[in-house]
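Notes to accompany the following structure.
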Number of protein chains: 2
Amino acid sequence: MLTIGNLARKTGTKVQTIRYYEQIGLMPEPGRTDGGQRRYGNAELDRLAFIRHARQLGFSLEAILELLDLSDHPDRPCHEADTIARRQLKQVEQRLARLEALRTELKRMVHECSGGQTADCRVLEVLRDHSECLTEHDEIGA
Amino acid sequence: MLTIGNLARKTGTKVQTIRYYEQIGLMPEPGRTDGGQRRYGNAELDRLAFIRHARQLGFSLEAILELLDLSDHPDRPCHEADTIARRQLKQVEQRLARLEALRTELKRMVHECSGGQTADCRVLEVLRDHSECLTEHDEIGA
DNA sequence: TTTACACCCTCAAGCAACTAGAGGTTCAAC
DNA sequence: GTTGAACCTCTAGTTGCTTGAGGGTGTAAA
């Protein structure tokens, strides 16, 4: 039986995050000691490891809930999980494309900065006038 | 004189976002009509365009505030703006590296999915066991 | 002039996915 | 029995907005 702190250590999660997952229904309500402290078994350890791993791969908590449901029903067809993974891959590739455009633009800004006064600063100048951009970029909040 | 709606249209911003920027002090309090509606001039248009452009390049609102301060003081040395831009570039490059690792892993997952039942699904299997990953990835919330 | 209607206003709450802190209790070792 | 780390709940904060309720304004046509 694991305390919440040990579970946290084993999965690289923060204690508060585990409690948060419980609160939103992603993790089950575990057993408790007489004093009211949470105690976890191997099933919960596996589930949390799954969740953390999927998070590391960029899946949203909502997508993870779907994946966990699929995982709980081994008789269901596989293509749903595949669809979720493909959707995720597509998102990652879109983000990559946008970030690459941003890198190009930022590199150009930084490269051209002469190190004088802000009056002649390329960084500020580029920000002032979008038309100077060589690449299209419309990324917000990625 | 522009209404908030026209300013929004010209800059590709939502009306509520402009009011939000005003609330947090990123945009100045504009003049008002007798009836209390906001009216904007060219200075505000330029400032908002600057903000939006910097957001598209991934700068945080906090960084943008710094950049705007620098922009308001053309006599100050330029290297501060350069530092902010370099910091941003570094962040973008870190994100790119992690996303590339994720893409590799996701591609592998999707590629190996046989399309049978979830019991044999590679996608779920990989998520269950991190040790199957070929690449290190520790991206969360990027 | 009145009426229509798009646009504007404020305030409050909600979103993702946590994180941090206050103030108090329990567990396990010594 | 006492210490002290680890646990508990609850609330609020983070970033960068978005959504909604409930109402007021501005302008143009009838």
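Quick caveat, the model's predicted, so the values are computed rather than measured. Note that these values count all heavy atoms, side chains included, but never hydrogens, waters or copies made by symmetry. Proteins get letters first, then strands, A, B, ... in listed order; numbering begins at 1 in each.
Following rounding to the nearest Å, B/Glu22 (CD) and D/dG16 (C1') show an atom-to-atom distance of 16 Å. For the pair B/Leu65 CG and D/dT15 C1', the interatomic distance rounds to 14 Å; values are reported in whole Å. Rounded to whole Å, atom C1' of D/dG26 lies 17 Å from atom CE of B/Met1. Residue A/Arg9 contributes atom CZ, which lies 7 Å from atom P of D/dA6 at whole-angstrom precision. C/dC18 atom C1' lies 20 Å from atom CZ of A/Phe59, rounded to whole Å. The distance between atom CD of A/Gln23 and atom P of C/dT19, rounded to the nearest whole Å, is 14 Å. Rounded to an integer number of Å, the gap from CG of A/Asn6 to C1' of D/dA5 is 12 Å. If you take CD1 of A/Ile4 and C1' of D/dA6, they are 11 Å apart, rounded to a whole angstrom.
A salt bridge is absent between B/Glu22 and B/Arg19: the closest approach of a Lys/Arg side-chain nitrogen to an acidic carboxylate oxygen does not fall below 4.0 angstrom. One finds no salt bridge joining B/Lys90 and B/Glu93 here, because no Lys/Arg side-chain nitrogen approaches an Asp/Glu carboxylate oxygen to under 4.0 Å.
When only modelled atom types and interatomic distance are considered, B/Arg52 and B/Tyr21 share a side-chain donor-acceptor pair under 3.5 Å.
Between the B/Glu44 side chain and the B/Gly41 main chain, a donor and an acceptor come within less than 3.5 Å of each other.
For the pair B/Phe50 and A/Leu124, the minimum side-chain heavy-atom distance is below 4.5 Å.
For B/Gln91, the side-chain contact (heavy atoms from CB on, under 4.5 Å) partners at least two apart in sequence or on another chain are B/Gln88. The side-chain contact (heavy atoms from CB on, under 4.5 Å) search around A/Lys10 returns A/Leu2, A/Leu45, not counting sequence neighbours. Every residue meeting the side-chain contact (heavy atoms from CB on, under 4.5 Å) condition with B/Thr3, not counting sequence neighbours, appears here in chain and number order: B/Asn6, B/Arg39.
The distance from the CG atom of B/Leu26 to the CD1 atom of B/Ile64 is 6.5 Å, given to the nearest 0.5 Å.
Within residues 30-46 of chain B, the residues approached by DNA chain C to less than 4.0 Å at the level of any non-hydrogen atom are B/Arg32, B/Gly36, B/Gln37, B/Arg38, in residue-number order. DNA chain C lies under 4.0 Å from at least one heavy atom of each of the following residues of residues 12-21 of chain A: A/Lys14, A/Gln16, A/Thr17, A/Tyr20, A/Tyr21.
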Note to self: Apply salt bridge (charged side-chain N to carboxylate O under 4.0 Å, His left out) to residues B/Glu105 and B/Arg108 and explain how you reach the verdict.
What the structure shows: CA-CA 5 Å; B/Glu105 211 53 54; B/Arg108 208 166 60 85; 2.8 Å; yes

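Axis deviation across the helix from C/dT1-D/dA30 to C/dC30-D/dG1 amounts to 20°, comparing end segments of five pairs, rounded to 10 degrees.
A/Asp72 CG: more than 12 foreign heavy atoms inside a 6.0 Å radius.
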